[in-house]
Amino acid sequence: MTDSDVKSILLAGVGGQGILRASDIMCMAIMEAGLDVKKSEVHGMAQRGGCVTSHVRYGNKVYSPLAKQGSINLLVAFEKMETLRYQNYLTKDATVIVNTEEIYPPAVNSGDFPYPEDIILFLKSNYRQVKEIDATALARESGNLKTANVVLLGAISTLMNIPESIWGDVIKNAFPEKLVKVNLTAFQMGRDA
Amino acid sequence: MKILMSGNEAIARGVYEAGVRFAAAYPGTPSTEIMEEFSNYEGVYAEWSPNEKVALEVAIGAAFAGEKAIAIMKHVGVNVAADPLFTVSYTGTNGALVIITADDPSLHSSQNEQDNRNYAKFAKIPMLEPSDPQEAKEFIKLAFEISEKFDTPVFLRTTTRVSHSKAVVALEDPLPYQDKTGITYNSAKFVMVPANARVRRVEVEKRMQNLKAFAENFSENRMEINNPDIGIITAGMPYNYAKDVFPDYSYLKLGMVYPLPEELIRDFATQVKNIYVIEELDPFLEEQIKAMGIKVIGKEIFPYTNEFDPGIIQNAMNKPDKPANIPAKSIPPRPPNLCPGCPHRGLFYTLNKLKVFVTGDIGCYTLSYMKPLEGLHSCICMGASIGMAHGMSKALKEKGKGKIVGVIGDSTFIHSGITALLNMAYNKSNAVIIICDNSTTAMTGMQEHPGTGYTILGDEAIQLDLPVLVSALGIKNIRIVDPYDLKNTRTVIKEELAKDGPSVVISKRPCVLFKRAKSKPQNPLQVDPEKCTGCKVCLGLGCPPISWKKMERKEGSKREGISVIDENLCNCCGLCLQVCKFNAINN
């Protein structure tokens with residue numbers, strides 16, 4: 001088994017966006033599909049509005065929960081600018097899914113640093129496939145703003161070769177009953193986006 | 001059954017599967033979730049102790065009473081617990097005792113990067129180190145077996161990446177709890193006065209010899225002979241990184257990192273041509289293996305600092321990949337920040353304006369050292385702020401009068417601030433101490449402590465009365481302020497700074513994330529775009545909802561932009577309303 005048989009996904013964003021929850025659900029779906037999976041995540045300081053990342057790695061046998069730089073083929077950025085923070089992890093063939101939501105860090109709030117412009121243009125000129133999603137708007141449409149992470153999960157799921165029925169089952173088990181329907185709707189909206 | 005578990009969840013499960021029902025801990029990243037998970041299991045005794053030293057002493061007491069007990073802490077917590085640690089190595093454990101040290105390579109959420117494997121050697125305590133959640137669950141069970149078999153405390157060391165990564169874990173049925181508790185009198189073993197300790201000291205060396213022999217055949221010290229050209233000796237998470245990039249090399253994976261199996265290492269050395277030792281932080285294995293006279297390559301190519309990843313190992317061993325060669329686009333940093341409505345914000349905004357030197361401590365409020373608040377000027381360790389404020393004040397004499405403030409959170413004060421405050425009263429200090437009482441242990445995720453009125457098991461408990469305690473320590477000047485009231489907070493601190501003798505100001509307001517909050521946030525505040533002059537004073541609060549919006553300058557106006565408040569984030573603490581001189585902010 002070599003490294004190239006293991007697939008790596010990077011989820012990145014800002015504390016409070018439900019990134020770790022999304023990567024948990026992703027790992028459960030991978031596990032249900034009969035594959036080995038490991039993921040890494042950051043806690044602690046990150047819950048105070050700092051950067052949050054989660055590496056998800058899966059295949060027949062996974063050793064490292066961290067991917068090496070230059071090896072990740074799929075990046076999902078839950079916040080637009082965060083796409084750029086992890087470029088060194090991506091291959092040139094990478095697919096990038098970007099939530100178009102902008103969350104300003106302190107230096108932008110204070111006016112000391114502009115929010116980077118032309119991010120999508122930059123990504124499109126450097127990576128193989130770039131997909132923009134307004135997950136916040138879709139989440140609002142689904143009926144619950146907090147489902148933006150599940151919208152993005154839906155978008156990623158189309159690139160993961162895991163049967164749709166498994167995703168449905170995992171989402172049903174991941175939420176309390178009253179939140180299942182809205183999350184299934186959000187997931188489907190992400191898949192169709 | 002197989003489920004997805006973090007290393008910390010797996011450790012808690014392993015403790016439970018081992019039939020262990022007794023745990024004491026103080027929260028600290030990356031260890032916190034072990035205790036939180038363990039406390040959810042049926043029939044356990046779990047406690048947040050006020051600090052790691054007490055937690056270890058509680059676990060030692062339980063072990064002396066015949067119980068199998070565990071004490072859980074982060075790496076720097078072991079420093080706090082070091083005093084009992086070194087001597088429980090002499091007494092042995094009677095029941096069983098395992099200590100978890102959760103190390104933090106890369107300092108994800110710590111003040112230093114110490115390698116606690118050194119404690120194993122220093123205190124002569126065996127140490128196991130798992131490499132993933134499945135091993136974490138199994139190793140904790142082995143740790144208890146070793147503790148019972150050799151009458152020794154045993155360390156289990158994790159790192160952030162083991163504790164906070166998730167993987168597939170196979171569950172087993174838990175062993176039933178067996179009550180072996182009872183009172184045993186054994187002064188020769190339990191009373192460590194010199195005459196007895198000298199005898200035990202010899203026993204410790206015998207035990208280490210026995211443990212060395214045990215390590216030679218320990219199932220988790222394991223050879224994988226593949227390509228004989230390169231052999232890698234490693235342990236813990238770095239094993240996974242190395243296997244990821246070099247699956248075909250030979251490996252000696254050590255599950256027990258102290259004491260080392262010398263014969264097994266020599267055997268491995270005869271089977272491979274070149275040996276690399278791959279370990280994060282200190283050359284702990286490397287130095288011991290080199291002392292055996294075995295030639296290895298280690299820290300001359302691998303970094304001393306930060307955690308590794310597969311790429312770092314690959315690059316160090318001279319097989320770098322070609323970089324993707326995509327231009328980088330620069331972006332602003334995104335540091336963690338105090339939450340919207342955080343009660344610390346008003347206090348540290350005030351301290352900055354008062355131009356005092358603030359000795360800081362460990363907690364969310366440490367974040368206020370950053371721009372724009374810049375209201376905290378030192379951070380060493382839990383509880384250090386009070387002793388340091390006193391020391392600075394004494395050294396500066398008249399120059400420090402009215403200039404030195406120490407700040408400490410409620411949980412941190414209980415952890416290790418009380419004796420330092422007593423010292424201030426006793427030695428006639430002139431500094432002002434501010435206890436930032438937010439009614440919880442916020443930084444690590446809202447844990448209970450003796451001031452909250454509840455235990456980790458959800459039982460009602462005493463609620464430490466801070467003013468009464470502070471008064472009993474001999475402090476005469478005690479004031480309470482609400483940090484949402486900027487004017488009064490400033491006035492009170494100024495008054496206390498002007499007084500002779502030590503003062504304590506309790507800055508009291510629950511954390512905005514507090515689970516038992518009585519009142520809900522009001523309507524979000526708004527900026528009146530007509531009244532806002534663009535003076536940027538409100539931006540000095542560093543509050544996440546407030547941002548600067550640049551605008552075209554109108555003729556005859558100096559205004560270059562205005563402040564705006566994100567209504568989705570605002571918790572309506574009202575600080576910006578108080579600092580605005582133009583009444584431009586309202587509900």
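The basis for the numbers below is simple: all heavy atoms, side chains too, and nothing from hydrogens, waters or symmetry mates. Just so we're clear, the structure is a prediction, and the values are computed from it rather than from any experiment.
Other residues, nucleotides and ligands contribute at most 12 non-hydrogen atoms within 6.0 Å of the NZ atom of Lys146(A). The environment of Asn161(A) atom CG is sparse: at most 12 non-hydrogen atoms of other residues, nucleotides or ligands sit within 6.0 angstrom. Atom CZ of Phe113(A) sits in a crowded spot, with more than 12 heavy atoms from other residues, nucleotides or ligands closer than 6.0 Å. For Glu567(B), the CD atom sits in a loose shell: 12 or fewer heavy atoms of surrounding residues, nucleotides or ligands are nearer than 6.0 Å.
Atom NZ of Lys243(B) sits about 13.0 Å away from atom OG of Ser64(A), to the nearest 0.5 Å. We find the OG-NZ distance between Ser23(A) and Lys166(B) to be 7.0 Å, quoted to the nearest 0.5 Å. Note that the CD1 atom of Ile546(B) and the CG atom of Asn109(A) stand 8.5 Å from one another [nearest 0.5 Å]. To the nearest 0.5 Å, atom CD1 of residue Ile3(B) and atom SG of residue Cys27(A) are 13.0 Å apart.
With chain A as the partner, the residue from Val168(B), Ile331(B), Asp309(B) showing the most heavy-atom pairs under 4.5 Å is Ile331(B). When the candidates Val108(A), Leu145(A), Leu84(A) are compared by the number of heavy-atom contacts under 4.5 Å with chain B, Leu84(A) comes out ahead. Interface check for chain A: of the options Ser563(B), Cys342(B), Pro335(B), the most heavy-atom pairs under 4.5 Å are formed by Pro335(B). Comparing Leu66(A), Asn88(A), Val62(A), Asp112(A) by how many heavy-atom pairs each has under 4.5 Å with chain B, the most go to Leu66(A). No other option in Gly561(B), Gly540(B), Ala167(B) has as many heavy-atom pairs under 4.5 Å with chain A as Ala167(B).
Minimum heavy-atom separation, Pro332(B) to Pro105(A): CG-CG, 4.0 Å. Listed here is the closest heavy atom pair of Pro106(A) and Asn337(B): CG-ND2, 4.1 Å. Across Asp24(A) and Leu4(B), no two heavy atoms sit closer than the pair O-CD2, 3.9 Å. When all heavy atoms of Met31(A) and Lys2(B) are compared, the pair lying nearest together is CE-O, 3.6 Å. Residues Pro310(B) and Lys68(A) come closest through the heavy atom pair CB-CB, 4.0 Å. Of all heavy-atom pairs spanning Arg85(A) and Pro333(B), the tightest one is NH1-CA, 3.8 Å.
By the 4.0 Å N-to-carboxylate-O rule, Asp244(B) lies close enough to Arg57(A) to be salt-bridged with it.
Counting only heavy atoms from C-beta outward, the side chains of Lys550(B) and Pro114(A) never approach each other to under 4.5 Å.
Looking at Tyr89(A), only its side chain comes within 4.5 Å of chain B, counting heavy atoms on both sides. Residue Met370(B) does not touch chain A at all, counting heavy-atom pairs closer than 4.5 Å. For Glu117(A), the part lying near chain B is the backbone, with the side chain staying farther off; criterion is any non-hydrogen pair under 4.5 Å. Heavy atoms closer than 4.5 Å to chain A are found in both the backbone and the side chain of Ser330(B).
Checking side-chain atoms of Arg334(B) against main-chain N and O of Ile103(A) turns up a donor-acceptor pair under 3.5 Å.
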